[in-house]
Protein chains: 2
Amino acid sequence: MNLEYADALNQAIRLLSLRHRARAAQLLAPLGLHVGQEALLLELDRTGPRIQAQLSEALGCEPPSVTLMTRKLETSGHIERTPDPTDKRATVVALTDSGKAVAEQIRQLWVTLAEETVRDLPAEMLEQLPGILHTMSTNVNGKPPA
Amino acid sequence: MNLEYADALNQAIRLLSLRHRARAAQLLAPLGLHVGQEALLLELDRTGPRIQAQLSEALGCEPPSVTLMTRKLETSGHIERTPDPTDKRATVVALTDSGKAVAEQIRQLWVTLAEETVRDLPAEMLEQLPGILHTMSTNVNGKPPA
DNA sequence: CAAATAATCTTATGCGCGTAATGAATGATG
DNA sequence: CATCATTCATTACGCGCATAAGATTATTTG
């Protein structure tokens with residue numbers, strides 16, 4: 001692969017990351033949320049209560065990050081953390097009623113965000129896009145599958 | 001647009017951002033660089049010396065971020081900051097020899113990163129991909145063009 | 001079963017990037 | 001020319017995310 005293509009591709013990914021994140025932050029601010037927290041709330045809303053190790057895996061970020069995120073979301077009242085009765089190391093994280101309500105609001109905002117993002121793209125690209133992005137992120141995943 | 005598609009798309013963008021960034025960090029660590037700094041060095045290498053306001057624009061991040069990044073890259077010896085003779089508010093940022101050398105190394109690493117990222121994607125997708133990502137990032141840019 | 005290994009979470013620390021507020025130099029306007 | 005608005009950079013602070021190091025509980029295994 002040539003240098004120019006690689007540079008353009010990596011730069012485009014970087015810029016998309018920054019701007020998508022910035023726009024997400026704008027949309028989430030009225031809910032009193034910081035960007036990143038929405039992923040945790042949506043995950044819990046999709047799957048029900050999880051322990052932090054599972055959240056870490058699902059969100060693609062490290063355990064210490066999850067510790068801090070859950071602590072802040074607990075302070076703001078959107079989640080509850082209770083000790084796991086079957087494993088004294090683990091803590092179970094669950095949505096509160098407030099958390100469920102805000103998860104619904106996030107879903108609405110995310111339609112807005114996604115529509116903005118793919119505006120002007122051809123329809124056949126829309127079909128392929130999530131799969132392509134998913135392929136790219138698994139391609140670039142440095143973690144060994146063991 | 002339906003909720004599931006929007007959720008999948010935003011989640012895929014988020015994951016790609018995290019993992020691409022994480023892999024970039026792995027590759028840059030041996031050079032003593034932190035992720036984000038490479039963008040500044042590459043920009044200077046492409047265009048020659050710039051003042052910080054121009055870097056802020058080109059990198060898509062805010063002036064205070066540029067202040068901190070340039071300060072650290074100056075400490076590590078990759079750039080020089082000199083007052084702009086024609087505008088006493090501005091400071092000109094330029095690559096040192098060390099900075100030019102490391103920029104070349106980054107270009108090589110970025111071929112590796114790009115090749116990993118698009119592995120398994122069809123060739124016709126490779127042609128379109130940078131343009132698509134660019135369209136998406138300009139779509140989602142909240143800043144008013146004024 | 002005892003001992004080593006692994007899993008789960010936490011604390012400490014650092015960087016990237018953001019917003020808000022400030023100071024200084026420039027440019028525009030009455 | 002004096003004033004006011006804009007531009008450039010900075011400091012202070014906060015969050016997301018990372019790694020490194022540690023404590024505690026589970027699990028494997030000799």
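On a predicted model such as this, the values are computed, not experimentally measured, just so you know. Letters A, B, ... mirror the listed sequences (proteins, then strands); counts begin at 1.
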Open item on the list: Whole angstroms only, please: what is the CG-C1' distance between A/L33 and D/dG14?
Closed with: 16 Å

TODO: Compute whether any side-chain donor of one residue and acceptor of the other, for A/E62 and A/S56, lie under 3.5 angstrom apart.
DONE: no

- [ ] Show your working on side chain to side chain contact (heavy atoms under 4.5 Å, CB included) between A/V93 and A/T82 and close with a plain yes or no.
- [x] CA-CA 7 Å; A/V93 182; A/T82 58; over 6 Å; no

TODO: Answer yes or no: does a side-chain N or O of B/T67 lie under 4.0 Å from OP1 or OP2 of D/dT10?
DONE: yes

Open item on the list: With a cut-off of less than 4.0 Å, is there a side-chain N or O of A/R71 near OP1 or OP2 of C/dT11?
Closed with: yes

Open item on the list: Between the opening five pairs and the closing five pairs of the helix from C/dC1-D/dG30 to C/dG30-D/dC1, how far apart are the helix axes, to 10°?
Closed with: 10°

- [ ] Measure from the side chain of A/M69, starting at C-beta and using heavy atoms only, and say which of D/dC17, D/dT10, C/dC9 lies closest.
- [x] D/dC17

Task: Nearest to side-chain heavy atoms of B/C61, which nucleotide of C/dT10, D/dA9, C/dC17 - done: C/dC17

- [ ] Determine the contact category for B/T91: base if any of its heavy atoms lies under 4.0 Å from a base atom, sugar-phosphate if only primed atoms, P, OP1 or OP2 are that close, otherwise nothing.
- [x] sugar-phosphate

TODO: Measure from the side chain of B/Q37, starting at C-beta and using heavy atoms only, and say which of C/dT10, D/dT10, C/dG16 lies closest.
DONE: C/dG16

TODO: Send over the distance from A/L68 CG to C/dT11 P, rounded to a whole Å.
DONE: 9 Å

TODO: Name the residue closer to the 5' end of DNA chain D, choosing between A/G36 and B/Q52 according to the nucleotide with the nearest heavy atom.
DONE: B/Q52

Open item on the list: I'd like to know if the side chain of A/Q37 and the backbone of A/H34 have a donor-acceptor N/O pair within less than 3.5 Å.
Closed with: yes

TODO: Calculate the interatomic distance between A/L59 atom CG and D/dC17 atom C1'; express it in whole Å.
DONE: 12 Å

- [ ] Check for a donor-acceptor pair, side chain of A/S65 on one end and backbone N or O of A/C61 on the other, with a separation under 3.5 Å.
- [x] no

- [ ] Among the candidates D/dT10, C/dC15, D/dG16, find the nucleotide nearest to the side-chain atoms of B/K72.
- [x] C/dC15

Task: Atom pair distance, as rounded to whole Å: CG in A/D84 and P in D/dT24 - done: 19 Å

TODO: Indicate for each nucleotide in nucleotides 21-27 of chain C, in 5' to 3' sequence, whether protein heavy atoms under 4.0 Å reach the base (B), only the sugar-phosphate (S), or nothing (-).
DONE: ----BS-

TODO: Check the surroundings of atom CD in B/E80: do more than 12 heavy atoms from other residues, nucleotides or ligands lie under 6.0 Å from it?
DONE: no

Open item on the list: Whether B/R19 contacts D/dC17 is assessed here as follows: a side-chain N or O lying under 4.0 Å from the phosphate OP1 or OP2. Is that the case?
Closed with: no

TODO: Ignoring hydrogens and angles, state whether a donor on the side chain of B/R23 or B/Q26 is under 3.5 Å from an acceptor on the partner side chain.
DONE: yes

TODO: Please tell me which of A/V66 and B/H34 maps to the more 5' nucleotide of DNA chain C, matching each residue to the nucleotide holding its nearest heavy atom.
DONE: A/V66

- [ ] For B/V35, report the nucleic acid contact type (base, sugar-phosphate, nothing); a contact means any heavy atom under 4.0 Å.
- [x] sugar-phosphate

Open item on the list: I want to check one thing: is the phosphate of C/dT8, taken as OP1 and OP2, less than 4.0 Å away from some side-chain N or O of A/R81?
Closed with: no

Open item on the list: Regarding A/R46 and B/D7, does a basic nitrogen lie under 4.0 Å from an acidic carboxylate oxygen?
Closed with: yes

Task: Nearest to side-chain heavy atoms of B/P63, which nucleotide of D/dC8, D/dT10, C/dC17 - done: D/dT10

Task: Whole-Å distance separating the CD atom of B/E74 from the P atom of D/dT10 - done: 10 Å

Open item on the list: Test your reading of the model: is there a side-chain donor-acceptor pair from A/N10 to the backbone of B/W110, 3.5 Å cut-off?
Closed with: yes

Task: Minimum heavy-atom distance between A/R119 and B/T135, given as atom pair plus value - done: O-CG2, 4.1 Å

Open item on the list: Whole angstroms only, please: what is the CG-C1' distance between A/L18 and C/dG16?
Closed with: 9 Å

- [ ] Determine, step by step, whether B/L44 and B/L55 satisfy the side chain to side chain contact (heavy atoms under 4.5 Å, CB included) criterion, reporting the C-alpha distance in whole Å, the side-chain angles of both residues, the deciding distance to 0.1 Å, and the verdict.
- [x] CA-CA 8 Å; B/L44 290 177; B/L55 289 173; 3.9 Å; yes

Open item on the list: I need the CG-P distance between A/L55 and C/dT8, as an integer number of Å.
Closed with: 12 Å

TODO: Using whole Å, report how far CZ of A/R50 lies from C1' of C/dT8.
DONE: 15 Å

Task: For A/E104, salt bridge (charged side-chain N to carboxylate O under 4.0 Å, His left out) partners two or more places apart - done: A/R107

